[in-house]
Amino acid sequence: MEKVKIVEIKKSIFENNDKQADNLRGELKSRGLYLLNLMSSPGSGKTTTLIQTINLLKDKLRIAVMEADIDSDVDAVKIKEATGIQSIQLHTGGMCHLDAEMTRQGLDSLDTDGTDLVILENVGNLVCPAEFDTGAVRNAMILSVPEGDDKPLKYPLMFSVCDVVIVNKTDVMPYFDFDLEKCREYVRMRNPKAVVIPICARTGEGVDVFASWLLNEVRNWKQ
Amino acid sequence: MHELGIVFYIIRDVKEAAANNHVGHVSGVVMNIGEVSTIVPEYLTDCWRWAADKEELLKGCELKINTLPAVSYCEECGQEYPTVAHGKICPFCGSEHTYLLRGNEVEIKEIEVPDD
């Protein structure tokens with residue numbers, strides 16, 4: 001057998017990212033800029049929810065959006081057309097998540113002068129984005145009714161890192177076996193501090209509750 | 001997909017460690033992976049082979065995985081128990097007030113360098 005020399009490393013592969021994320025958060029605090037990281041499965045209604053929320057808040061706050069996807073710019077274009085706010089597309093180059101460094105690069109290419117709130121729409125995925133701290137002030141996730149009320153049991157990490165869980169597509173609840181109370185219970189098991197907000201992004205129902213939560217968050221961050 | 005992203009992180013850190021230790025070739029990388037880290041070891045080694053062989057420093061380099069057991073702690077009765085067998089519910093007192101002590105590690109333990 002070939003003789004080998006061992007070099008001890010003993011280092012978590014998330015360590016660099018966690019440090020960069022903390023640095024970024026510190027910088028955002030000093031600039032009074034609030035960054036929300038929005039996560040979900042593909043097709044849960046992230047973009048529609050954002051459009052509704054932005055339209056409720058754009059007279060009160062200056063908002064910009066970063067759309068992260070593996071490819072295409074359909075979401076960034078859609079947001080810009082529907083709300084008129086600044087929106088850019090980030091490509092992850094095949095990666096299933098954004099990390100703190102990619103988030104910083106995205107922020108650097110935005111014009112954030114006078115901006116109060118930047119929303120990062122993460123790659124649609126319930127596993128990887130939960131493991132990489134982006135440097136955002138808060139994490140939000142959308143769980144849509146057709147996905148089922150048991151998602152918090154299947155993707156525990158995602159639900160334990162989220163400060164707010166938006167339950168979307170409540171209008172189709174009669175057609176699915178989705179129990180909102182059970183869902184709240186499952187979320188609470190993972191994360192007792194998470195706020196659960198049921199909405200229907202298509203009709204706009206409940207979006208005002210999420211918008212007020214966000215407005216309040218941004219104002220507190222600036223103090 | 002998830003594992004490939006992790007592999008890119010490992011490669012970046014191994015390259016950095018190799019540069020710091022003036023190493024020209026790495027023949028093995030030993031990882032400590034917790035049982036509940038959400039990483040599937042077989043996928044990780046498959047992705048590793050594909051990505052590592054594209055790097056001069058890591059051609060043929062083997063990825064070895066030590067699996068670390070997951071252990072939870074119960075705040076109610078103060079006992080520890082194996083997480084994978086019992087999940088969130090304490091097997092001793094039935095409480096849900098439990099948290100993970102260890103088992104979600106994804107760390108590079110050491111690298112092996114040909115000794116010449």
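The figures that follow rest on heavy atoms only: side chains count, while hydrogens, waters and symmetry mates do not. Chain identifiers are assigned alphabetically (A, B, ...) following the order of the sequence lines, protein sequences preceding nucleic acid strands; residue numbering begins at 1 within each chain.
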Against chain B, residues from residues 5-31 of chain A with at least one heavy atom under 4.5 Å, in numeric order, are A:Lys5, A:Ile6, A:Val7, A:Glu8, A:Ile9, A:Lys10, A:Lys11, A:Ser12, A:Ile13, A:Phe14, A:Asn16, A:Asn17

Bottom line for B:Asn20: the part with an atom under 4.5 Å from chain A's heavy atoms is neither

So, the part of B:Glu105 with a heavy atom under 4.5 Å from chain A: the answer is neither

Take atom CG of A:Asp177 as the centre, draw a 6.0 Å sphere, and report whether it contains more than 12 heavy atoms from other residues, nucleotides or ligands.
no

Rounded to the nearest 0.5 Å, the CZ atom of A:Arg188 sits from the CD atom of B:Glu96 at a distance of 8.0 Å

(Q) Take a 6.0 Å sphere around NZ of B:Lys88 and say whether it holds more than 12 heavy atoms from other residues, nucleotides or ligands. (A) yes

Sequence neighbours excluded, the answer for side chain to side chain contact (heavy atoms under 4.5 Å, CB included) partners of A:Glu181 is A:Asp179, A:Arg184

Expected contact set for residues 191-202 of chain A against chain B at heavy-atom separation under 4.5 Å reads none

Residue set satisfying side chain to side chain contact (heavy atoms under 4.5 Å, CB included) with B:Gln79, at least two apart, ordered chain then number -> B:Cys77, B:Phe92

